[in-house]
Amino acid sequence: ALAERANLAGVRHILLVLSGKGGVGKSTLSTELALALRHAGKRVGILDVDLCGPSIPRMLRAQDSAVHQCASGWVPVLVGQDKAIALMSIGFLLERPDDAVVWRGPKKNALIKQFVTDVAWGELDFLIVDTPPGTSDEHISTVEALRPYQLLGAVLVTTPQ
Amino acid sequence: LAAQLSLSLAECPGTGSAQAGRAAACQGCPNQGLCASGAAGPDPAEAAELRARLRAVRHTVLVLSGKGGVGKSTFSALLAHGLAADETKQVALLDIDICGPSIPKIMGLEGEQVHQSGSGWSPVYVEENLGVMSVGFLLSSPDDAVIWRGPKKNGLIKQFLRDVDWGEVDYLIVDTPPGTSDEHLSIVQYLSATHIDGAVIVTTPQEVSLQDVRKEINFCRKVKLPIIGVVENMSGFVCPKCKNESQIFPPTTGGAEKMCQNLSVSLLGKVPLDPQIGKSCDRGQSFLAEAPESPATLSYRNIIQRIQEYCEQHHLQEEKIM
């Protein structure tokens, strides 16, 4: 439990990007928000909990990166032009980019919990959490795992129709 | 030394399968113990029930994508309308998107409720020959969030197949949520009680969509689900005023056409963007009926015909074998 607290202890604000609907631009917004905050001099991380359709690695040109381990956990991949945005996504853990992650809820939940507690984020001003569409396993597990921390809030994305 | 991480991606064999808890994929799954103990074993009575209920369904088509917001529900609704235009055909539209059920609104059935009879749940009929089922009809208010984990969603999907009195059906169209998870595994598992003609996979032209759709194609191959073909939605926009064509979602990596070539799947057609489509969906009207002259309508009709031909041909081949 101590190690769990440590990995998110240095993160000042945690922000969720949600919708109910797919394809409205959650990942696009998460990416642009991270880039804008970075541009404003903030230390930023992105946690991509869309396990079936992880879009963030491609949006930040990091599709071919790999995740390594350190003493305090998993090391997030550094992306962006100045390699200063920390990113964790299941996209980095696939052997082939087209591999389908065909998992039922319990297995998804276990990985999300690991993403929240085992990634060594270090000192961040903002951690942006990009989510898949819906109100199901990923969302419930993410909110539950983040409960001990100060969640800044959620940004909801939609389109007009 | 830094150790590189990768994942075992073998998929869940299914809580009801003989391999439950014992397959390679089960290592590390929180449910492994439960599955291995056989507590979640396959129920032969249940399988028999599903087979009986689905016996009178001639053709089943799944509408999938890996990506959200590409037009699965729109396409499912129009496919159902298109097929039901032939009054001699009985069409059923099943919406298994539990968290974001769009079908009630798109079919103009918001506010409808499901009634029970002696023979089961009654579908909600749009036309005499077009029945619809969705979790949307079970909610007390359209804004109620269905915040369910996988197992509960699976339970409802099973009920939709087991308890709904579909009657004799020529075409069962199943609209799905985005992804490759519980709903998708479950529907394939439960529908093995009947047979699935195949899947229609919907995408839009950009790489961010295709990326997810390739995974869906791999999912279909993994679970041995035949792929009828791919539909590319939002494929170009022709301005009604100046007739200029624009690529609103540029196919930076060759669009669905290139992907289909690379993966040896059929491209059923490309549907252009037409603002009337979204409007018709919002108003619960059939776009095909409201805008019969639109190039999008022509595309949809061609695609629907190809799907029909695929299903009929399939049926003939099966009959030959028998």
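By convention in this document, chain letters (A, B, ...) are assigned in the order of the sequence lines, proteins followed by strands, and residues within each chain are numbered from 1. Please read all numbers here as calculations on a predicted model, not as lab measurements.
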Self-check item: Beyond-backbone contact of A/Leu94 with B/Lys215, side-chain heavy atoms, under 4.5 angstrom
Solution: yes
Exercise. Quick one: which of A/Asn109, A/Asp50, A/Val75 has the most heavy-atom pairs under 4.5 Å with chain B, could you say?
Key: A/Asn109
Self-check item: Residues, nucleotides or ligands: over 12 heavy atoms within 6.0 Å of B/Glu207 CD
Solution: yes
Quiz prompt | Among A/Ser141, A/Ala71, A/Gly134, residue most engaged with chain B (heavy-atom pairs, under 4.5 Å) | solution = A/Ser141
Exercise. Calculate, to the nearest 0.5 Å, the distance between atoms NZ and OG belonging to A/Lys107 and B/Ser181 respectively.
Key: 12.0 Å
Quiz prompt | Inter-residue atom distance B/Thr180.OG1 - A/Trp103.CH2, 0.5 Å rounding | solution = 10.5 Å
Exercise. For the residue pair B/Val208 and A/Met59, establish whether any side-chain heavy-atom pair is separated by less than 4.5 Å.
Key: yes
Practice problem: Would you confirm whether A/Asp98, through its side chain, and B/Arg214, through its main-chain N or O, come within 3.5 Å as a donor-acceptor pair? | Solution: no
Quiz item: Which heavy atom in A/Pro54 sits nearest to a heavy atom in B/Gln211, and how many Å separate them?
Solution: O-NE2, 3.8 Å
Quiz item: Of the backbone (N, CA, C, O) and the side chain (C-beta and beyond), which part of B/Asp212 lies under 4.5 Å from a heavy atom of chain A, both, or neither?
Solution: side chain
Quiz item: Could you give the distance from NZ (B/Lys105) to CD (A/Gln161), rounded to the nearest 0.5 Å?
Solution: 11.0 Å
Quiz item: Heavy-atom count around B/Arg221 CZ within 6.0 Å, excluding the residue itself: above 12?
Solution: yes
Quiz item: Does any heavy atom of chain A fall under 4.5 Å from the side chain of B/Asn154, the backbone, both, or neither of them?
Solution: side chain
Self-check item: Contact class of B/Lys152 relative to chain A, heavy atoms under 4.5 angstrom
Solution: neither
Quiz item: Of the non-hydrogen atoms in A/Ile140 and B/Trp148, which two are nearest, and what is the gap between them?
Solution: CD1-C, 4.2 Å
Quiz prompt | Close contacts, residues 22-32 of chain A versus chain B, judged by heavy atoms under 4.5 Å | solution = A/Gly22, A/Gly23
Quiz prompt | Portion of A/Pro97 that has a non-hydrogen atom of chain B nearer than 4.5 angstrom | solution = backbone
Exercise. Supply the atom-to-atom distance B/Cys99 SG to A/His139 NE2, rounded to the nearest 0.5 angstrom.
Key: 7.5 Å
Quiz prompt | Pair A/Arg104-B/Ser186, side chain to side chain contact (heavy atoms under 4.5 Å, CB included): steps then yes or no | solution = CA-CA 9 Å; A/Arg104 290 189 183 273; B/Ser186 294; 3.1 Å; yes
Quiz item: What pairs meet the salt bridge (charged side-chain N to carboxylate O under 4.0 Å, His left out) rule with one or both residues in residues 121-141 of chain A, with sequence neighbours excluded?
Solution: A/Arg12-A/Asp125, A/Arg43-A/Asp125, A/Lys108-A/Glu138, A/Asp137-B/Arg149
Practice problem: Check the surroundings of atom CD in A/Glu144: do more than 12 heavy atoms from other residues, nucleotides or ligands lie under 6.0 Å from it? | Solution: yes
Quiz item: Which atoms of B/Pro178 come close to chain A, meaning under 4.5 Å heavy atom to heavy atom: side chain ones, backbone ones, both, or neither?
Solution: side chain
Quiz item: Given side chains that start at C-beta, do those of A/Arg96 and B/Asn218 come closer than 4.5 Å, heavy atoms only?
Solution: no
Quiz item: Between A/Pro160 and chain B, which part of the residue has a heavy atom less than 4.5 Å away: side chain, backbone, both or neither?
Solution: neither
